[in-house]
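Encoded as structure tokens, the structure appears first; notes follow it.
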Amino acid sequence: MLGLKFIRTHSEAVKEALSRRNNSFNLDEVLAWDEAYRSRLGESEKLKNLRNSLSEEIGRMNARKQDAAAQMQEVRDASARIREIDQDVQDLEQKINQALLMIPNIPHASVPVGPDEDANVVVRVEGEPPGFDFQPRNHWEIGEDLDILDFARGVKIAGARFTVLKGKGAQLERAITNFMLDLHTREQGYTEIFPPFLVNRATMTGTGQLPKFEEDLFRCDREDLFLIPTAEVPVTNLYREEILPGEALPILHTAYTACFRAEAGAAGRDTRGLIRQHQFNKVELVEFTAPETSYTELERLTDDAEEVLRRLGLAYRVVALSTGDLGFSAAKTYDLEVWLPGAGAYREISSCSNFEDFQARRANIRYRPEAGARPRFVHTLNGSGLAVGRTLVAILENYQQEDGSVIVPEVLRPYCGFDRIE
RNA sequence: GGAGAGAUGGCUGAGUUGGUCGAAGGCGCUCGACUGGAAAUCGAGUAGGCGGGCCUAAAACUCGCCUCGAGGGUUCGAAUCCCUCUCUCUCCGCCA
């Protein structure tokens, strides 16, 4: 969410940012409401001031046994008018707040300008895609032949976009998860969190999933709880409505969670394989930092995610998303795309974003730079470190052998206890 | 699921016959004094939000309004009275 004061004083810049995002939000309407809101609020506050001073006077007169009937009548009249005006104030305030929740973040100046993903910019390419002297296969073929992925039974017990991992497939998934968590916690300084997978509406609103994107979420109707689409949601909201001491920053958290996405707008896309599932595992990195350092922290956090790919020996590239492809809450995003030989393409395996104070405003997460100073909004960042299912896909496709077996990357062997799946 | 208790500032804890209470006291924290330095001691300060003024702007300052879990009501006036909701704690039941 953008600050109302900011929108008020920088309306042209906000409009310009919205157009770079291909967003057709009507800002003038909000500005008009704001105008009316402040004028009505002023009227109301004047009358409340009158009411307060008269009430005090009445108290004093009563103590002296004087007759305050006239004053009481005056306050009664004022209160009636206040009630009317406050109704307007409340209506306007509500309209403004609802509108504010629908305005996306402003892209950072360094974000490439463009209408869609075709305008994304490849920032760097790392690692060599492996060469094969045979035709590399898709992960779903490899996985089914090895009897470690069972798509048919996933559909039977749950539905489309649900898959069963079996035997060494399940073990490898678990090994990948543990390898990532250990790297982040032991070497990169993140504190591990294991959060609830179901969260309430306020939490979903805090990170920007609600109110605009409810159709992308799974919801438990009975309790009005939502299955988290990413650990970003519960972990960022950990400090909702809090003022953190300045010396606590930066706060680095990593969390493994299952993630649940309705994939409402993705019908027909990636229908085969593990790439696009309703449920998948992910290890997430979440960071809270002071505004001054958030962009250097974005580079560091992205590098922490890249380290997973480097250690797994997977080729990848880093892509800066364009203004038209940027997520609703993000000011800047790098996607990490891993090379998939079976698909013959780079596919997204991580997304690292700086949200600046967009989420912090929604969730009211602040910090006090020093004792006695006014609280400021923190900046929040997060990135996948990494999507576990897609990492499994990348390993199957990149480490496949001509005989159909798959070599396990060195760093994972201590975690799974085998060096090959055949 | 049943019964009961409670929600006050960073923490603790008064305030519940409605009226200078945004709120005593203590702790913590900040600044200052004392000290070679520190501890102890003493003094001062220390909630958040919104709107206005000031200003190129922010901060600071200043005026006002709101907030004592959330929302609504009674009243000239509510932390204090009434209603609804949420959450926490204790006991019982159930359960991994």
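Hydrogens, waters and symmetry mates play no part in the numbers below; they use all other heavy atoms, side chains included. Source: prediction; values computed, not measured.
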Pairwise N/O distances under 3.5 Å, protein to nucleotides 59-61 of chain B:
none

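- If you take CD of A:Q71 and P of B:G19, they are 20 Å apart, rounded to a whole angstrom.
- Although no hydrogens or angles enter the test, the distance criterion places no donor-acceptor pair under 3.5 Å between the side chain of A:T257 and the main chain of A:C259.
- Residue contacts for A:I58: at a heavy-atom cut-off of 4.0 Å it reaches a base atom on one of the strands shown.
- Look at CG on A:D86: it is 13 Å from C1' on B:C50, rounded to the nearest Å.
- Atom P of nucleotide B:G53 and atom CD of A:E45 are separated by 12 Å, given to the nearest angstrom.
- No donor-acceptor contact under 3.5 Å links the side chain of A:E56 to the base of B:G19.
- A:P245 comes within contact range of no nucleotide atom at all, as no heavy-atom separation falls under 4.0 Å.
- Counting non-hydrogen atoms under 4.0 angstrom, A:R40 reaches nothing in the nucleic acid.
- Toward the 5′ end of RNA chain B lies the nearest nucleotide of A:I243, the other residue of the pair A:I243 and A:N52 mapping further downstream.
- Nearest heavy-atom pair, A:P234 versus A:I228, reported as atom, atom and distance to 0.1 Å: CD-CG2, 3.7 Å.
- Of the candidates A:R161, A:R347, A:R390, A:D270 forms a salt bridge (Lys or Arg N to Asp or Glu O under 4.0 Å) with just one, namely A:R347.
- Ion pairing between A:R201 and A:D224 holds under the 4.0 Å rule for side-chain N and carboxylate O.
- Along RNA chain B, the nucleotide nearest A:M72 and the nucleotide nearest A:L4 are compared for position; the residue whose nucleotide lies closer to the 5' end is A:L4.
- Stacking of A:K168 on the aromatic ring of A:F418 is recorded, both the 6.0 Å distance cut-off and the 45° axial limit being met.
- Within 6.0 Å of the CZ atom in A:R420, the count of heavy atoms belonging to other residues, nucleotides or ligands exceeds 12.
- Straight-line distance from the CZ atom of A:R76 to the P atom of B:U75: 9 Å, rounded to whole Å.
- Between B:U80 and B:A70, the distance separating the two P atoms is 11 Å to the nearest Å.
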